[in-house]
Amino acid sequence: MNALTIPYPKSDRLRFRLCLILINILVITTLYAIQGKRDLGLLNIEENALSAALGLFAQILTLTYYFSWGKITGNYLNLFGMFLVSFVLFCLGQVIIYSYGVRTFAGANMFTRLPVQLINTSAIYTLICLAAFFSGALLVIDSPKKPVAIEEEECNLAAFRKVGKLLLVFSAIPFLYSRTTTLLAARSIGYEALYNYSNYGSSRVFKIIEGLSSLFTVGLIMLLVGYKHDKNKRNLITLFLSISAVITLMMGERTGAASMLLVVYWYRSFCLPTKKDKKKNLLGIILVSVLLLLAFPAIQRLRHEGIANVVQISQIVARNGIVESLISSIASVGFSVFPLAKTMEIVPLYENYRYGITYLMALTTVFPNLFFEIHPAQKYSALASWLMKRLNMTYGPGYSMPAEAYINFGWFPLPIMLLAGYLIARLLYITKDNRNDPFRVFVAMMFFFMNITLPRREFLGVVRDIAYYIIPAYLVLKGISRKQCQQAQGKKRGV
C-alpha cells in the first residue's frame, strides 16, 4: 500500500466530517468573540502577542485541515490540500513568520506599513474565512461509481491523445514564437518581458498570441493523461513540461512555474498504475517543493536584471542560508493581508459594501463587450485595479479571496466562503476511488494549475479560466470519447 494512502470506512468519514464541521463552528465563534472583545476594548492582550498567537493558530489550523482532508480522501498528497496551504501562505504568510519572532526580512514588510491592530483584525477575518472555506469543502461527498470497463477507459484515453495532439499542432507556432520573443526580451528587461507587448505591435495581438500559445500547455496536460499507460511518452511529456516550467521560472514567473511542476508530479505520484513510479515521483514533488521555496527569494531579486541562472540562484541561497531563504520565500508570497487591510480602511467608511455585485458581474466576463464603453466585469469586478487607483499606487497590490468577501459582505463572509470551499473542493476532489477517471483528473489538474494563486486575486480571473479553457476542453473531450466508444461498440457488433 502507498505510504500516503490509507483505508478509511465511509461511515467513519461522515462522522469525521461532522466532527470537523463542529470544530469549525467553535473556531469561527471564538474568533468572532475575540474580535468583539477587541472592538469593545475588553481583550487584555498586547497586540504584538496577539499577532504571534494568530500566526501560531493559523499553522495549527492548516495542519489540521491538511491532514484531515488527506484522511477523508485517502491521500495525504492532494491538490485541495496544497490549495489550502497556498491560501494560508498567501493570506497569512507574514503573520506566520511573525509568530516565530522574525521582525525583519527582505522585501515588503507588512508590519512596517500597517498598524499591528489592523493586521490582527485582517488576520482574524482571514481565519474566519478559512474555517468557513474548509467547512464548505467538507460538504463534498462523492457517490460511488462502478469500475470503468477496459474498452471504455481506452476510448477515454484515446480522446485525450487525439485532442491533445490537435492542440499541439494548432498552437505550436504561437507557442514557439511567444517563448522565443519573450526570452529574447527577458535577456535585457527581465521579468517585465512576460507582460510587454511592444514586440507584438499591439496589446490585442499580444493577447491573441498568448491565448493561443497557452493551448500548447493544455494539449501537453491532455497527452500526459492520455498516455497514462505509455511510460516512455509520459516521461517525455513530463520532461518537456518541466523544462518549460524551469524556463518560465528563470524569467521570474514563480507561481505559474511552481503550479505546473506541482501538478505534473502530483499526477505522477498519485494517478499512475505502478507503485514504483508513484514513490519516485512522490520524492520528486517533495524535492521540487523544497527547491522552489529556497529559490523564490533569489529569483525575485534577479528577475528585473535579466534571465536568472542556476549559478546565480545557488550563490544567493548559499549566502543567505537555508533558514533565511525559507523565511524570505514565505514573506514574499505572504503579503496578501495588505489588500484586505486597506479595503477594511476604505469600506464602509468611504465606500459602501458591494453586496455580491463583484461576483455577479465577474460572470459577465464570458460575454464580449458589445454595448458598454467599459466591460461590466472590468468596471465592477477588477478589484486589484480599483484598489491600486484608490490608493494612488504605481503598481498592482493584488487582491485576495478574503478581501473580496469583505468588500461584498463585511463581517458576514460565511455563506460565500462556504460556497467557494464547496465548489473548489468539488473541482479538486480526487480520491483513490475516482483517480482513474481521466476527465475528473484533467479538470482538477487544469484548475489547480491555473488557480493556485486564486487566494491572492479576485474572482474575475477564475471565471475566465473555467469558461475559456476548462469547460470547452471538457465538453470536447467528452464528445469525442462518446463518439469513439460508439464506433468501437459498432465494430464489435459487426464482428
Side-chain angles (χ1 to χ4, degrees), residues 163 166-167 170-171 174-175 178 194-195 197 200-219 221-222 256 339 343 351-390 396 398-401 403-409 415-417 419-424 426-428 439 442-480:
V163 179
L166 288 174
L167 285 180
F170 182 71
S171 61
F175 175 80
S178 172
L194 292 167
Y195 308 100
Y197 58 82
Y200 296 88
S202 71
S203 61
R204 180 169 295 181
V205 174
F206 170 76
K207 290 178 181 178
I208 291 173
I209 292 177
E210 286 298 302
L212 292 174
S213 67
S214 64
L215 295 177
F216 194 82
T217 301
V218 178
I221 292 176
M222 286 183 181
T343 300
E351 292 192 21
N352 294 325
Y353 294 115
R354 307 295 174 84
Y355 300 108
I357 195 69
T358 71
Y359 296 109
L360 291 175
M361 290 297 105
L363 297 176
T364 67
T365 192
V366 300
F367 303 109
N369 187 19
L370 300 176
F371 307 105
F372 305 97
E373 183 178 349
I374 301 175
H375 196 291
Q378 184 65 29
K379 183 177 181 179
Y380 295 102
S381 303
L383 295 171
S385 299
W386 164 79
L387 187 62
M388 182 176 71
K389 294 175 183 176
R390 196 69 175 73
Y399 217 64
S400 70
M401 289 176 67
E404 186 160 13
Y406 177 82
I407 200 173
N408 280 283
F409 304 112
I416 193 63
M417 293 307 297
L419 180 61
Y422 176 83
L423 294 176
I424 292 173
R426 168 61 67 185
L427 289 169
L428 298 178
F439 300 101
F442 171 75
V443 168
M445 291 174 70
M446 285 298 299
F447 183 84
F448 183 85
F449 167 58
M450 292 180 163
N451 293 287
I452 191 175
T453 58
L454 176 58
R456 70 171 189 183
R457 56 190 176 96
E458 61 268 271
F459 179 62
L460 179 62
V462 71
V463 175
R464 292 170 178 164
D465 292 338
I466 293 176
Y468 296 161
Y469 292 97
I470 296 177
I471 291 178
Y474 178 84
L475 293 176
V476 170
L477 287 167
K478 273 289 189 180
I480 292 179

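Computed over heavy atoms, backbone and side chain alike; hydrogens, waters and symmetry mates excluded.
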M417 and A405 have their tightest heavy-atom pair at SD-CB, 4.2 Å
Where the side chain of E458 meets the backbone of M401, is there a donor-acceptor pair that is under 3.5 Å apart? no
Would you compute the distance between atom CG of N451 and atom CD1 of I466 and round it to the nearest 0.5 angstrom? 6.5 Å
Is it true that E351 and R390 have a side-chain N and a carboxylate O under 4.0 angstrom from each other? yes
Close side-chain approach of L212 and F175, heavy atoms under 4.5 Å: no
Heavy atoms of G396 and M388 approach each other most closely as N-SD, 3.6 Å
Which distance, rounded to the nearest 0.5 Å, do you find between the CG of L475 and the NZ of K478? 10.0 Å
Are L454 and I424 side-chain neighbours, meaning at least one heavy-atom pair lies under 4.5 Å? yes
Please work out whether the ring planes of Y359 and F409 are parallel, tilted or perpendicular, with thresholds of 30° and 60°. parallel
Can you list the steps and then say if F447 with D465 is a side-chain contact (heavy atoms from CB on, under 4.5 Å)? CA-CA 8 Å; F447 183 84; D465 292 338; over 6 Å; no
Reported CG-to-OG distance for the pair L460 and S385, which is rounded to 0.5 angstrom: 9.0 Å
Expected output: side-chain S214 to main-chain G211 donor-acceptor under 3.5 Å: yes
Do T358 and E404 pass the side chain to side chain donor-acceptor pair (under 3.5 Å) test, and can you show the C-alpha distance, the side-chain angles, and the key distance before you say yes or no? CA-CA 8 Å; T358 71; E404 186 160 13; 2.8 Å; yes
Checking the side chain of S400 only, and the main-chain atoms of A403 only, is there a donor and an acceptor separated by less than 3.5 Å? yes
Nearest heavy atoms of A473 and M222, plus distance in Å: CB-CE, 3.7 Å
Distance col, row Y355:OH vs I407:CD1, nearest 0.5 angstrom, shows 11.5 Å
Mind jotting down which residue pairs meet the salt bridge (charged side-chain N to carboxylate O under 4.0 Å, His left out) criterion with at least one end in residues 357-370? Sequence neighbours excluded, please. none
Any donor-acceptor N/O pair, T364 side chain to M361 backbone, under 3.5 Å: yes
I want to check something: taking the side chain as every heavy atom from C-beta on, are L167 and F216 in contact at a cut-off of under 4.5 Å? no
In this structure, is the centre-to-centre distance between the rings of Y353 and Y406 below 6.0 Å? yes
Nearest heavy-atom contact between M446 and I470 is CB-CG1, 4.0 Å
With side chains defined as the heavy atoms from C-beta onward, is the minimum distance between F442 and V218 less than 4.5 Å? yes
Flag the pair L383 / F459 as yes when at least one side-chain heavy-atom distance between them is below 4.5 Å, and no otherwise. no
Sequence neighbours left out, what passes ring-ring contact (aromatic ring centres under 6.0 Å, His included) with Y469? Give chain and number order. none
V463 to A362 - nearest heavy-atom pair and separation: CG1-O, 3.5 Å
Atom OH of residue position Y380 - does it have more than 12 heavy atoms of other residues, nucleotides or ligands inside 6.0 Å? no
Over all atoms of both residues, closest heavy-atom pair of Y399 and W386: OH-CZ3, 3.7 Å
Find the distance between CE (M445) and CD1 (I221) and round it off to the nearest 0.5 Å. 5.5 Å
When rounded to the nearest 0.5 angstrom, what is the spacing between CD1 in I208 and OG in S213? 12.0 Å
